[in-house]
Amino acid sequence: MHLVNWINFPTLGDERGSLIALEAEKHIPFAIKRVYYIFNTKAGVARGFHAHKALKQVAVCVSGKCKMLLDNGHEKVEVWLDSPNKGLVLEDLTWREMHDFSEDCVLLVLASEHYDELDYIRNYEEFLKQVKT
Ligand code: TYD
């Protein structure tokens with residue numbers, strides 16, 4: 001699997017404006033158990049700096065933009081999340097960091113599991129060890 005996988009969401013709507021609908025197991029490749037959003041991020045703040053053991057997520061920037069760094073232990077790629085019709089797939093065992101949030105950035109994340117701190121790998125060396133096993 002490639003490190004960077006985008007999902008293009010069909011934009012609905014009409015002369016009044018735009019609308020995007022995301023359906024579990026259709027536009028999103030899993031059953032959604034949790035939705036969260038990151039907003040009001042202060043200037044210069046970076047977030048993330050972790051990987052997950054099993055959690056799968058799709059991130060979509062519904063307003064503004066931010067940069068996402070993805071790292072599978074072999075390769076690192078930085079991409080801009082800057083469009084409400086593009087979802088970035090965040091696989092398990094992928095280190096992610098979010099940088100350069102615009103003031104108006106609202107980053108919506110759809111997750112395959114409920115919140116579980118035990119699923120986090122917050123130490124980069126530990127992440128590299130897990131990738132190798
Ligand atoms: P964290 O995942 O560390 O944020 P980020 O990776 O974006 O920098 O989460 C920040 C805090 O919020 C942490 O105390 C855990 C809590 N949290 C929840 O309670 N539920 C959730 O779904 C998420 C994503 C975080």
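Indexing begins at 1, ligand by ligand and atom by atom, following the structure's order.
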Quick one: which ligand 1 atoms are inside 4.0 Å of a heavy atom on [X]?
| X | value |
| --- | --- |
| R34 | 21 (C), 22 (O), 23 (C), 24 (C) |
| G48 | 5 (P), 6 (O), 8 (O) |
| Y120 | 2 (O), 24 (C) |
| R122 | 1 (P), 2 (O), 3 (O) |
| H50 | 2 (O), 6 (O) |
| I38 | 7 (O) |

task = Answer yes or no for atom 11 (C) of ligand 1: protein heavy atom present at a distance under 4.0 Å?
result =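 So atom 11 (C) of ligand 1 lacks protein heavy-atom neighbours under 4.0 Å.
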
Under-4.0 Å protein heavy-atom contact, atom 7 (O) of ligand 1 =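 Given the 4.0 Å cut-off, atom 7 (O) of ligand 1 counts as touching protein heavy atoms.
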
Counting only N and O atoms by type, is there a donor-acceptor contact under 3.5 Å from the side chain of [X] to the main-chain atoms of [Y]?
| X | Y | value |
| --- | --- | --- |
| R34 | A111 | no |
| D71 | W95 | no |
| T94 | N72 | no |

query = How are the rings of Y120 and H50 set to each other: parallel, tilted or perpendicular (split at 30° and 60°)?
reply =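 Because their plane-to-plane angle lies in the 30° to 60° range, the rings of Y120 and H50 count as tilted.
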
query = What class does the angle between the rings of F49 and H99 fall in, given that below 30° is parallel, 30 to 60° is tilted and above 60° is perpendicular?
reply =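 Because their plane-to-plane angle is over 60°, the rings of F49 and H99 count as perpendicular.
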
inquiry  = Out of the candidates V4, N5, I7, L107, only one should pair with L88 under the side-chain contact (heavy atoms from CB on, under 4.5 Å) rule; please name it.
reply    =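 By the side-chain contact (heavy atoms from CB on, under 4.5 Å) criterion, L88 pairs with just one of V4, N5, I7, L107: V4.
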
Y36-ligand 1 polar pair, N/O distance under 3.5 Å =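 The answer is no, given that Y36 and ligand 1 share no N or O pair closer than 3.5 Å.
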
ask   = What protein heavy atom is closest to atom 4 (O) of ligand 1, reported as residue, atom name and distance in Å?
value =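 Of the protein heavy atoms, R47 NH2, 3.2 Å lies nearest.
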
key: Residue and atom name of the nearest protein heavy atom (relative to atom 13 (C) of ligand 1), distance in Å to one decimal   =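 Going atom by atom, the protein heavy atom closest to atom 13 (C) of ligand 1 ends up being Y115 OH, 4.2 Å.
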
message = Quiz question: by atom type and distance under 3.5 Å, do the side chains of H52 and D119 form a donor-acceptor pair?
response =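 Distance-only check passes for H52 and D119.
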
key: Pair E117 + R122: basic N to acidic O under 4.0 Å   =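 Salt bridge between E117 and R122, a charged N being under 4.0 Å from a carboxylate O: yes.
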
task = For ligand 1, indicate whether the residue E117 contacts it via side chain, backbone, both or neither (heavy-atom separation under 4.0 Å).
result =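 Neither part.
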
